[in-house]
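Here is the structure we will look at, set down as structure tokens.
We're numbering straight along the sequence, starting at 1.
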Amino acid sequence: MISLQTAKFPWTITDSNLIRSLLLYGPCKPDTNFPVNNNGKRFSSSYYFLTTKSGTKIPRTWLCYSYNLDCVYCESCWLFADRSYSKFKWDWIYGINDWNHLSQSIQRHESSIQHLDAAKVRSIWIKNETIDASLEKQYTDEAMKWRNNELLDILSTELRHLICNNIRSSNFFSVILDSTQDKTKQDQVSLVIRYTTLDFEKKQIQIKESFLGFYLLFHHGAANYVGLLQNTLMKLDLNIMKCQGQGYDGAAVMSGSITGVQKRICDIVLNATFVHCCSHNTNLVLCDAAKSSRKI
């Protein structure tokens with residue numbers, strides 16, 4: 001809390017950052033043993049609240065007390081009152097210390113146009129502060145999301161590069177393609193490469209399957225799948241002529257023996273044998289078995 005607000009700052013503040021800082025610290029409302037003036041009167045913290053007839057206390061957020069100046073002032077008018085207003089008054093900015101008539105002074109000030117307008121501007125500033133904070137958090141979260149995505153992209157690119165190096169060192173490989181729609185209703189084709197590596201220490205041949213990514217498919221024709229596969233392998237610097245096997249589901253566009261994907265790839269690479277995907281076959285068997293079973 002800033003206990004010396006008006007004694008330490010200019011009577012008129014135009015620096016928006018300073019205004020926001022003062023609002024952030026909150027109004028100066030010390031509750032202490034207030035000094036007694038020459039008339040034996042002093043300020044009371046009870047003035048910080050408007051007490052209704054039912055006894056409900058409503059805080060006067062605008063009312064502040066300066067211990068240095070021994071006076072009360074209106075923070076809203078100090079920070080937001082329109083100095084060009086024809087009936088503008090400095091009284092509640094310089095400070096009021098007539099404790100005998102403070103209640104009447106407060107009532108008059110609370111109903112004045114100068115104060116009401118300043119209170120409206122203050123409310124807008126506070127709301128904007130909340131909106132700004134919310135937007136700042138949103139921007140920060142979004143930036144963090146993109147930074148994470150960028151990091152994942154870098155890692156996946158490096159990993160894909162290492163995998164492709166292993167695939168290139170192999171004499172042959174097979175391709176496994178499948179497609180599905182993402183949440184935006186766009187078709188994504190998954191590409192898996194099956195290949196062999198040689199472990200020289202163990203003198204063993206290892207069979208590996210590596211997922212290389214999802215690739216956007218705009219149309220569903222066999223030529224579109226083939227074109228996507230060729231372009232992807234070319235970008236990854238993988239020679240399609242090493243492709244000796246194909247694995248797809250049983251859809252005609254993929255497995256068709258006349259114009260299907262497997263036939264078109266065989267036209268490019270004669271020995272690229274097509275095998276109906278075992279996992280897809282298993283899935284079909286399980287589905288048919290479930291359908292043929294009686295409900296219990």
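Atom CD1 of I113 has 12 or fewer neighbouring heavy atoms from other residues, nucleotides or ligands inside a 6.0 Å radius. More than 12 non-hydrogen atoms from other residues, nucleotides or ligands lie less than 6.0 angstrom from CG of L216.
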I19 and L23: side chain to side chain contact (heavy atoms under 4.5 Å, CB included), yes or no, with the steps? CA-CA 6 Å; I19 292 176; L23 290 175; 4.2 Å; yes

Working for ring pair (Phe, Tyr, Trp, His ring centres under 6.0 Å), residues Y225 and Y248: CA-CA 11 Å; Y225 279 96; Y248 317 125; 8.2 Å; no

Could you walk me through whether T12 and R83 satisfy the side chain to side chain donor-acceptor pair (under 3.5 Å) test, starting with their C-alpha distance in whole Å, then the side-chain angles of each, then the deciding distance to 0.1 Å, before giving a yes or no? CA-CA 9 Å; T12 299; R83 269 60 169 173; 3.3 Å; yes

Go through the steps to decide whether S84 and D82 satisfy the test side chain to side chain donor-acceptor pair (under 3.5 Å), and finish with yes or no. CA-CA 5 Å; S84 64; D82 182 5; 2.6 Å; yes

Walk me through whether Q204 and D199 qualify under side chain to side chain donor-acceptor pair (under 3.5 Å). CA-CA 5 Å; Q204 291 179 347; D199 188 332; over 6 Å; no

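Between K263 and D267 there is a salt bridge, with a side-chain nitrogen of the basic residue lying less than 4.0 Å from a carboxylate oxygen of the acidic one.
Using the six-membered ring where Trp is involved, W92 and H109 have ring planes that are parallel, under 30° apart on the 30 and 60° scheme. Between F88 and W90, the ring planes are perpendicular. Angles over 60° get that label, and only those under 30° would be called parallel.
Under the 3.5 Å distance criterion, with hydrogens and angles disregarded, no donor-acceptor pair is assigned to the side chains of H276 and D249. A donor-acceptor contact closer than 3.5 angstrom links the side chains of N165 and R168. There is no side-chain donor-acceptor pair under 3.5 Å between E75 and Y73.
Looking at Q246, its side chain does come within 3.5 Å of a backbone N or O of Q262 through a donor-acceptor pair. Distance alone, capped at 3.5 Å, is enough to place a donor-acceptor pair between the S44 side chain and the S46 backbone. The main-chain N or O of A119 is never found under 3.5 Å from a side-chain atom of S76 such that the two would form a donor-acceptor pair. A donor-acceptor pair under 3.5 Å links the side-chain atoms of W78 to the main chain of P10, judged by distance alone. Judged purely by atom type and a 3.5 angstrom limit, S21 uses its side chain to pair as donor or acceptor with the backbone of N17. Of the possible donor and acceptor atoms, none in the side chain of Q206 sits under 3.5 Å from a partner among the backbone N and O of T197.
Between I240 and Q230, the shortest heavy-atom contact is CD1-CG, 3.9 Å. Between R160 and L212, the shortest heavy-atom contact is NE-O, 2.9 Å. In terms of heavy-atom proximity, Q244 sits nearest to V269 at NE2-CG1, 4.0 Å. Of all non-hydrogen atoms in H115 and C74, the two that sit nearest each other are ND1-SG, 3.4 Å.
Atom-to-atom distance recorded for E110:CD and L63:CG is 8.0 Å, nearest 0.5 angstrom. Annotation: the span from W125 atom CH2 to S16 atom OG amounts to 5.0 Å, rounded to 0.5 Å. Expressed to the nearest 0.5 Å, how far CG of D91 lies from CG of D98 amounts to 11.0 Å. The line from CZ of F172 to SG of C243 is 11.5 Å long, rounded to the nearest 0.5 Å.
Taking 4.5 Å as the limit, every side-chain heavy atom of Y48 sits out of range of all side-chain heavy atoms of R60.
Taking the ring centre of Y195 as origin, the terminal cationic atom of K208 falls outside the region bounded by 6.0 Å and 45° from the ring axis.
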